[in-house]
K.L.:
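Encoded as structure tokens, here's the structure I'll be asking about.
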Amino acid sequence: METTITVYGPLRSATGAKTVSLEWAGGTVADAIAALVDAYPRAEPYLYDDDRIRPSVRVSLDGERADLVTRVSGDASLTVVPAVQGGARE
């Protein structure tokens, strides 16, 4: 299955482009993120803590916010916004 993925922030340096086409077996949003990391290993520290997807990673499926368990169809497009770090605590 081929899916178009648009990435933001530091993920662009990991993929080399804002939008990439990903060939993968299909499945859920979590599976798509895993396939993205398989294809672009430098993306892993922006998306995972140990073996879990960071809770602050945001994914949209065809323009709508999607949970990690949402199924992805073959003609879907994903947008991935990595975890944002920094800021000050009061």
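Throughout, residue positions are numbered sequentially from 1 according to the sequence presented.
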K.L.:
To the nearest 0.5 Å, tell me how far Asp51 CG sits from Glu44 CD.
P.N.:
9.5 Å
K.L.:
Does any non-hydrogen side-chain atom of Leu68 lie less than 4.5 Å from one of Ile53?
P.N.:
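Yes; the side chains approach each other to less than 4.5 Å.
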K.L.:
Under the side-chain contact (heavy atoms from CB on, under 4.5 Å) criterion, do Leu47 and Leu36 qualify, and how do the steps go?
P.N.:
CA-CA 10 Å; Leu47 300 172; Leu36 178 67; 4.2 Å; yes
K.L.:
Using atom types as modelled and distance alone, determine if a side-chain donor or acceptor of Asp31 lies under 3.5 Å from a backbone N or O of Thr28.
P.N.:
yes
K.L.:
Show your reasoning for whether side-chain contact (heavy atoms from CB on, under 4.5 Å) applies to Trp24 and Met1.
P.N.:
CA-CA 5 Å; Trp24 62 298; Met1 170 159 75; 3.4 Å; yes
K.L.:
Return the minimal non-hydrogen interatomic distance between Leu22 and Ala39, and the atom names on each side.
P.N.:
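What the structure gives for the nearest pair is CD1-CB, 3.8 Å.
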K.L.:
Looking at every heavy atom in both Tyr40 and Ala14, which two are closest together, and how far apart are they?
P.N.:
CD2-O, 3.6 Å
K.L.:
When you look at Arg65 and Arg58, which way does the side-chain contact (heavy atoms from CB on, under 4.5 Å) test go after all the steps?
P.N.:
CA-CA 8 Å; Arg65 176 88 186 263; Arg58 300 292 176 243; 3.2 Å; yes
K.L.:
Using side chain to side chain contact (heavy atoms under 4.5 Å, CB included) as the criterion, point out the one residue from Ile5, Thr6, Val20, Val80 that pairs with Thr15.
P.N.:
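One option only clears the test, and that one is Val20.
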K.L.:
Can Lys18 and Tyr8 be said to form a side-chain contact (heavy atoms from CB on, under 4.5 Å), step by step?
P.N.:
CA-CA 7 Å; Lys18 180 179 179 182; Tyr8 288 91; 3.8 Å; yes
K.L.:
Check Ile33, Leu61, Thr4, Val7 against Leu78 for a side chain to side chain contact (heavy atoms under 4.5 Å, CB included) and give me the one that passes.
P.N.:
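Output: one option passes, namely Leu61.
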K.L.:
Say whether, by atom type as modelled, one donor and one acceptor occur between the side chain of Asp62 and the main chain of Ser77 under 3.5 angstrom.
P.N.:
yes
K.L.:
Would you say Thr70 and Asp67 are linked by a side-chain donor-acceptor pair, where the criterion is simply a distance under 3.5 Å?
P.N.:
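Thr70 and Asp67 do not have a side-chain donor-acceptor pair below 3.5 Å.
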